[in-house]
Structure formats: C-alpha cells, structure tokens
Amino acid sequence: MTTRANPGSARSPRRSRDAVVRPTPPQARPEEIDFSIAGQAEVTPYPIEWEPHTHPIHELLWVRSGVMTTGIGRERYTLPRNIGIWIPAGIEHQGRVSGGAEFQASFFNPETSTFNPRVPVCVEITPLLHELLVHLAQEDLGSAQRERAEGLVFDLLAPTAIPLNLPMPEDERLRPIAEALLADPADPRGIEDWALALDCSARTLARAFESELDQTFGSWRQQARVHAALGPLSDGVSVAEAASSVGYHNASSFIAVFDRIMGTTPGRYRGARPARNGIANE
C-alpha cells in the first residue's frame, strides 16, 4: 500500500546517515477500496525511514524481527518484535525500521473497521493475530474466507498496557541531548556535561527538562534506555548484554529500573516475547 505525504508536516528528526528514505506516493481513499483489511510484508536489507505523512485509512505497523521506531506528535514509540502501533486515519507519523527487519503493515478501511481507536495505541500481535493478518494480505481470497478472517481479527485486536511511548522535547536546548541519547543510549554524559557542551548552566537544562517533560533528565534517560533495550531483549539477547548495551554496568540496577518503568522484569519480558516460530525464548 502507499501513502500520502503531508506538505504541512512538522520538522523531521535528524535523519540517520545509513538509512534510505522511502517515498510516500498517493494512496486510495476509503470509498475507492473494496477491503476491510489488507496488508503487506517486507524484509528490509538496510535501515528505512519514512518522513512525516498521513494515511486516509487506519494502519497497523509491526515487525517480526528487528526494531521499529515511530514518531507521532511529540511521542516516540519503540516497537520490539510483535508489538504493533495502531495509527488512525489522518494522524501524521514518521518511522524507521532497522536493517534486516521483517516489517509488516496492515491497512483497515475506517468505513468498515469495528476497531476504531481515535488515538494511536499499541497492540500485541499474538501468533494467531499475526497469521490472520498475513492471511488477509492475500489478494485472491474469496469473500467468505475474507469475512470470516476479518471477524476474528476484530475480536483479537486490543490495546496493550505496555508503556512504549517516550515523550520527546521540543525545546531547542534539549533536542540535541535527546537525539544523542537515542543514537547512543549508553552515552554516560550527565546534565553537567551537557551544560558544558551547550554553554549553559546545568540548572537551566534541569529546569527545562522538568518544565517541558514533567520529569528529570535522569528519569527521561532511564526511560529512553529501557526502550532501547526492548529490541535486543525481544531478539533473545541476555539481560546482562541488554543492560550493558544501554549503559548499565550493573545488571541489578537495570532490572530495577526496567521493572519500575515496564511493570515487569527484563527476564520475564524476554521470555514472554514469542519467537518467530511462535515459541517463546527461554
């Protein structure tokens, strides 16, 4: 399926040097299509980015391997394997998938969909839901087959309570800090180091973080690091390795922070993520 670019979109985030920007050509409107649910799949040999755009239909995005990030407004969603983002029609968004990711997208006609959240929500893509959506991506399905499968999909779709959104600062003083930490979650620089680099006071930066994001720099960095660890954990990396990759030298500290933010330990999260054959990683 294709998309329609929004000429009045907000400023894009800094583009990754190794990513290929995917164009967003026009897309059919709901009254011009004859499906309730359709889809597509792709294995990306290199990182791909989509600039800000909108769709006239609902979209559900997820990956079976690799990691996807999606920006919607000031929220950044990090989507590990088998957690999707539902984007309602007309909501501007942008995204990126890692190189080698198995990327999936399903499209829902808003005129016939019975699942219609008006705001973006995360959805767990269970093995059964995944197989149904892949089944509906076939173009030669009979009308009866399609209707039965669509009914099951609508029964299975449900928002997940897993907190995968990270608020992004808009303050020009804070954006370089956020972008640097997203690029390298293990960056050890504290607020004093950033103040020196940006030629301002640490108190000014600290107040700016609390004023705009309603949390301290340290709390925001912990959240960003936990989100960055979701991809490695869902792909089977050990808890100790995931902790080290995002800047934690002590796995116990990482476990405590992860549990506080995600409501579960990284070990339980890792074990609960279905593998590609539908069997959880041990």
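Remark: side-chain polar atoms of Glu147 are not paired, donor with acceptor, to backbone N or O of Gly142 under 3.5 angstrom. A donor-acceptor contact shorter than 3.5 Å is absent between the side chain of Trp220 and the backbone of Leu166. In this structure, Ser211 contributes its side chain and Ala208 its backbone to no donor-acceptor pair below 3.5 Å. The backbone N or O of Val246 lies less than 3.5 Å from a partner atom in the side chain of Arg225, making a donor-acceptor pair. Formation of a donor-acceptor pair under 3.5 Å by the Thr44 side chain with backbone atoms of Ser98 is found in this model. Using a distance-only test at 3.5 Å, with no hydrogens or angles considered, a donor-acceptor pair links the side chain of Glu241 to the main chain of Ser238.
Under the 4.5 Å side-chain heavy-atom criterion for ILVMFWY residues, a single connected hydrophobic cluster contains both Tyr46 and Val63. Side-chain heavy atoms closer than 4.5 Å link hydrophobic residues (I, L, V, M, F, W, Y) into clusters, and following such links, possibly through other members, connects Val123 to Val119. In the hydrophobic cluster analysis, where Ile, Leu, Val, Met, Phe, Trp and Tyr join through side-chain heavy atoms closer than 4.5 angstrom, Leu79 is grouped apart from Val67. By the rule that hydrophobic residues join a cluster once side-chain heavy atoms approach within less than 4.5 Å of another member, Ile177 and Leu196 end up as members of separate clusters. If you chain together hydrophobic residues whose side chains sit under 4.5 Å apart, Ile72 and Leu230 fall into the same group.
Across every non-hydrogen atom of Leu182 and Met168, the tightest pair is CD1-CE, 3.4 Å. Contact detail for Thr265 and Asp259: the closest heavy-atom pair is N-OD1, 4.0 Å. Taking both residues in full, the closest heavy atoms of Val43 and Gly100 are given as CG1-O, 4.3 Å, listed atom of the first, atom of the second, then distance. Of all non-hydrogen atoms in Pro176 and Trp194, the two that sit nearest each other are O-CH2, 4.2 Å. In plain terms, the two heavy atoms of Glu92 and Pro52 that are nearest each other are CD-CB, 3.9 Å. The two residues Leu233 and Val237 come nearest to each other via the heavy atoms CD2-O, 3.9 Å.
The shortest side-chain heavy-atom distance between Pro88 and Arg118 does not fall under the 4.5 Å cut-off. Between Gln145 and Gln138 there is no side-chain heavy-atom pair separated by less than 4.5 Å. Between Leu164 and Met262, the closest side-chain pair of non-hydrogen atoms falls below 4.5 Å. The closest side-chain heavy-atom distance from Phe154 to Ile37 is below 4.5 Å. Within the 4.5 Å cutoff, side-chain heavy atoms of Arg96 are placed close to those of Glu49. Contact annotation: the side chain of Pro110 approaches that of Ile57 to within less than 4.5 Å [non-hydrogen atoms, C-beta and beyond]. Within the 4.5 Å cutoff, side-chain heavy atoms of Phe108 are placed close to those of Leu157. Side chains of Asp171 and Phe209 form no contact here, defined as non-hydrogen atoms less than 4.5 Å apart.
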I would like to know whether Glu150 and Thr112 meet side chain to side chain contact (heavy atoms under 4.5 Å, CB included); could you show each step before the answer?
-> CA-CA 10 Å; Glu150 288 173 345; Thr112 56; over 6 Å; no
Begin from the C-alpha positions of Asn82 and His130 and carry the test side-chain hydrogen bond (donor to acceptor under 3.5 Å, both in side chains) through to its verdict.
-> CA-CA 8 Å; Asn82 295 322; His130 172 266; over 6 Å; no
What do the steps show when you test Ser244 against Phe254 for side chain to side chain contact (heavy atoms under 4.5 Å, CB included), and what is the final call?
-> CA-CA 9 Å; Ser244 177; Phe254 171 71; over 6 Å; no
Run the numbers on Val239 and Tyr248 for side chain to side chain contact (heavy atoms under 4.5 Å, CB included), then give the verdict.
-> CA-CA 11 Å; Val239 172; Tyr248 283 88; over 6 Å; no
Determine, stepwise, if the pair Trp62 / Met68 fulfils side chain to side chain contact (heavy atoms under 4.5 Å, CB included).
-> CA-CA 7 Å; Trp62 78 100; Met68 173 185 293; 5.9 Å; no
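Atoms CG and CD, from Leu133 and Gln104 in turn, are 8.5 Å apart once rounded to the nearest 0.5 Å. Interatomic distance, CZ of Phe258 versus NE2 of His227, reported as 9.0 Å (0.5 Å rounding). The structure places CD1 of Ile85 at 5.0 Å from OH of Tyr77, a figure rounded to the nearest 0.5 Å. Of the inter-residue distances, the one linking Leu132 atom CG with Leu128 atom CG reads 4.5 Å to the nearest 0.5 angstrom. The CG atom of Leu213 sits 5.5 Å away from the CZ atom of Arg74 when rounded to the nearest 0.5 Å. Here the straight-line distance linking atom CD1 of Ile91 with atom NE2 of His55 works out to 11.5 Å at 0.5 Å rounding.
The local environment of CZ in Arg260 is crowded, with over 12 non-hydrogen atoms from other residues, nucleotides or ligands closer than 6.0 Å. No more than 12 heavy-atom neighbours from other residues, nucleotides or ligands sit within 6.0 angstrom of CG on Asp199.
Between Phe103 and Trp50, the ring planes lie tilted relative to each other; the angle falls in the 30° to 60° range.
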